[in-house]
Amino acid sequence: MRQKCALIAFIFIPLAALGADWKPILAEELALKTPKIDPNADAEAIFWDVKIYDIIRSDYVEHHQENYVRIKIFNDRGVKSQSTVDIPYSTTLKTTIGQLSGRTIKADGSIVNLKNDAIFDKTNVKVGNRLSLKTRSFTLPAVEPGVIIEYQWKEVYSETYFRYVELKMYRDVPIWKATYYVRPLVSDRFPFKMGYYNFNCKPSKWELVKLPDPFSMIYLENIPAWPDEPDSPPDREVKPWVLIYYSDKEQSNAKKFWTKESNDLSEAFKKEVKLTSDIKKTATELVSGIKSKEEQMLKIADFCRTKIKNIAFDVNGMTAEERSKFKGKEFTPTGDTLKSKIGYPSDINKLFVALAQAAGFDAYGVRATSADRAYFRNDLMDSYLMNSVLAAAKVDGKWCFYDVTNPYIPSGMVDWDQEGMAAVILQGKELALIPIPVSKPEQTKMTRLAKLVLSEDGTLEGSVDITMSGHRGVAVKRALESHSDAKRQEDMKKRIEAEHGEVEVSNIKIENVNDPLLPFHYTYQVKIMNYAQRTGKRLFFQPAFFEHGHRARFENAERKTGIVFQYAFSEIDQVRIEMPEGYELESPEAPGSAKLANVGDHSIEISVEKLGKAIVTNRNFVWGKEGQTVFNREAYTQLKAIFDEIHKRDEHLLTLRQQ
């Protein structure tokens with residue numbers, strides 16, 4: 001349904017200034033014994049009020065958000081989950097948290113205030129090279145079942161231009177009423193009108209209130225808490241929220257809007273792509289002697305990923321000093337990027353398109369939606385959801401997509417959150433809005449090898465060798481890229497322990513973290529006590545070592561959301577387990593092969609080496625064939641049955657008997 005672009009005032013409702021004082025506690029709130037929205041809720045938010053406004057300074061806009069939350073606690077689980085509060089904020093965006101206060105109201109009406117010395121900041125968390133997060137944390141006093149807790153805080157974003165604001169209408173507990181008060185930014189220096197779009201909800205109509213300044217108010221009532229379900233769609237795709245945006249563009253017709261938006265973006269992109277003599281020469285050298293058009297494009301992509309230093313990544317050995325000295329421009333000519341061999345991701349994307357065009361390809365920039373934000377909505381007449389910058393070229397008559405903005409993504413692929421999403425090809429003709437293909441399972445492959453020895457007391461130990469390509473490799477490389485060698489080993493040790501439970505891990509070796517071409521690779525030594533269970537003269541153990549200790553992927557009988565696998569993938573495991581001296585295999589049967597509803601395949605084959613000293617298990621698992629990675633909620637029963645069967649097969653036990 002099309003949303004209104006401009007907020008319209010209907011009536012004035014006098015209201016006290018939000019956040020100045022605590023609101024009165026109602027007797028019925030204190031007396032409440034059971035949840036109002038969800039009978040199984042551990043706590044419920046009675047209200048969540050947020051006041052949003054911008055202040056124009058001399059050379060920037062200062063964005064303010066004032067929050068006020070009141071929560072009723074019903075049981076001990078509610079005490080545990082709600083008494084400690086973490087408020088994340090970005091130090092990169094120059095955010096400050098202030099005016100923080102809180103209190104606990106006991107069942108008898110007595111009040112215990114939050115003390116200032118109970119408020120502290122947690123250590124910075126670095127996200128990539130350009131974003132740093134902190135957390136303001138506090139624990140409310142005297143929290144027990146039956147109390148009410150409430151707290152207020154103010155976030156101020158300095159020196160930041162806010163064209164978009166997301167109004168979240170959900171928390172981790174049910175909410176009786178979430179209310180936003182928004183003062184639109186109006187200035188001669190800012191000639192845009194404020195619009196809005198409702199996602200996954202039908203809130204109230206906007207009303208004009210006085211606080212005492214005029215604010216536009218919107219609210220949503222009886223909001224359930226969303227379950228934490230594995231492989232869920234992105235939050236913005238299922239949870240209720242409202243997008244506030246500013247626009248100066250006509251929004252009466254979606255087709256006309258997107259056609260014009262595509263043309264405008266295309267013209268802007270064309271102005272930044274120049275085919276200089278150096279670019280033409282480089283393109284000719286890159287594709288020389290390569291007959292396959294597909295291979296030519298991959299060669300150009302690999303050049304951009306490996307030879308141009310990307311300011312947003314640690315790849316290519318870029319030092320902090322090089323990064324600090326880089327003086328990028330808002331619109332860097334493609335020739336300058338090629339000459340300097342350094343640039344922002346968008347600069348490298350433009351250079352890639354220029355090189356492809358110089359090599360004779362129909363190549364263009366691309367704007368695409370991202371699954372970690374929300375799926376494309378045709379009637380949202382703003383490019384907010386088109387936040388991904390990619391490139392496309394026609395190769396042998398079909399569109400192929402490339403992401404050289406992330407050097408870790410293999411050439412010919414895009415990041416997982418763009419696969420299957422809508423993309424606008426900036427070719428400057430008719431609107432070209434098409435879905436990006438989903439990569440094949442073999443493009444995201446994990447190969448795991450283990451050579452292990454099983455002792456008579458049930459201890460298993462030996463060496464492990466793991467290689468990750470495609471999306472799996474990208475995820476680990478991004479997580480480790482900026483860490484020291486010691487921190488990388490520490491992180492990988494935690495990952496391995498999370499996989500296997502109580503395990504001794506040593507001699508971890510990690511390779512190719514910052515290599516854009518080679519897959520991520522690591523090895524380690526492992527020792528697990530009591531891996532095999534002994535009963536009399538027999539040992540029972542799980543031959544699929546890499547699946548040992550794993551829980552079923554889908555444990556709940558029912559499901560509230562659809563199912564989204566981030567990407568198609570394949571797993572190839574080979575596990576060699578040397579048997580204890582004097583033991584032989586008693587139960588040689590294996591699960592064999594199974595076809596998984598045309599979406600995947602799973603097989604476990606078990607053999608005994610000729611000399612009878614070791615058991616070799618080969619496991620293969622393929623998921624997401626034909627690009628099937630998204631399923632509606634109605635498919636959950638069948639999906640759960642498939643993955644329960646996989647789990648059962650992976651847990652298959654063998655028996656060794658003492659001779």
Could you tell me which residues satisfy salt bridge (Lys or Arg N to Asp or Glu O under 4.0 Å) with D264, sequence neighbours excluded, listed by chain and number? K260
Only counting residues at least two apart or in another chain, list the ones meeting side chain to side chain contact (heavy atoms under 4.5 Å, CB included) with K560. P227, E229
Tell me, please, which residues at least two apart from E29 pass salt bridge (Lys or Arg N to Asp or Glu O under 4.0 Å). R70
According to salt bridge (Lys or Arg N to Asp or Glu O under 4.0 Å), who are the partners of R171, at least two apart in sequence or on a separate chain? none
Might you point out which heavy atoms bring D382 and Y246 nearest each other, and give the distance in Å? OD2-O, 4.2 Å
Please enumerate all residues that pass ring pair (Phe, Tyr, Trp, His ring centres under 6.0 Å) together with W226, with sequence neighbours excluded. none
Relative to the ring of F643, is the ring of F565 parallel (under 30°), tilted (30 to 60°) or perpendicular (over 60°)? parallel
Side chain to side chain donor-acceptor pair (under 3.5 Å) partners for D42, two or more places apart: N75, R77
Do S83 side-chain atoms and T139 backbone N/O form a donor-acceptor pair below 3.5 Å? no
Partners passing side chain to side chain contact (heavy atoms under 4.5 Å, CB included) against K177 (at least two apart in sequence or in another chain): T179, Y219, E221
Heavy-atom check, side chain of L380 versus side chain of F199, under 4.5 Å: yes
For Y170, ring pair (Phe, Tyr, Trp, His ring centres under 6.0 Å) partners two or more places apart: none
Using the benzene-type ring in the case of Trp, are the ring centres of F120 and F138 under 6.0 Å apart? no
Given 3.5 Å as the limit, does a donor-acceptor pair link the side chain of D415 with the main chain of D417, or not? no
More than 12 heavy atoms from other groups under 6.0 Å of NZ on K154: yes
Could you pull out the closest heavy-atom pair between Y68 and K23, with the gap in Å? OH-N, 3.0 Å
Under the 3.5 angstrom rule, does the side chain of E44 hit a backbone N or O of D38 as a donor-acceptor pair? yes
Any donor-acceptor pair under 3.5 Å from T95 side chain to S90 backbone: yes
Under 4.5 Å between any side-chain heavy atoms of R136 and L100, yes or no? yes
Using ring pair (Phe, Tyr, Trp, His ring centres under 6.0 Å) as the criterion, list what pairs up with H64, not counting sequence neighbours. Y53
Supply the atom-to-atom distance D403 CG to I409 CD1, rounded to the nearest 0.5 angstrom. 4.0 Å
With sequence neighbours left out, write down each residue that passes side chain to side chain donor-acceptor pair (under 3.5 Å) with S137, or none if nothing qualifies. D86
Between V143 and Q82, does a side-chain contact (heavy atoms from CB on, under 4.5 Å) hold up when you go through it step by step? CA-CA 9 Å; V143 181; Q82 300 302 309; over 6 Å; no
Quiz question: by atom type and distance under 3.5 Å, do the side chains of S370 and Q418 form a donor-acceptor pair? no
Side-chain donor-acceptor pair present, E166, Y384, cut-off under 3.5 Å: yes
If we ignore angles and hydrogens, is there a donor and acceptor under 3.5 Å between the side chains of E155 and W153? yes
Residues N222 and W176: side-chain donor-acceptor under 3.5 angstrom: no
Is the backbone of Y344 close enough, under 3.5 Å, to the side chain of N310 for a donor and an acceptor to pair up by distance? no
Using the salt bridge (Lys or Arg N to Asp or Glu O under 4.0 Å) criterion, which residues pair with E250? Sequence neighbours excluded. none
Donor-acceptor pair, distance only, cut-off 3.5 Å: does the side chain of T104 make one with the backbone of I149? no
Check ring pair (Phe, Tyr, Trp, His ring centres under 6.0 Å) between W258 and all other residues, then give those that pass, not counting sequence neighbours. F376
Looking at every heavy atom in both A225 and D172, which two are closest together, and how far apart are they? CB-O, 3.8 Å
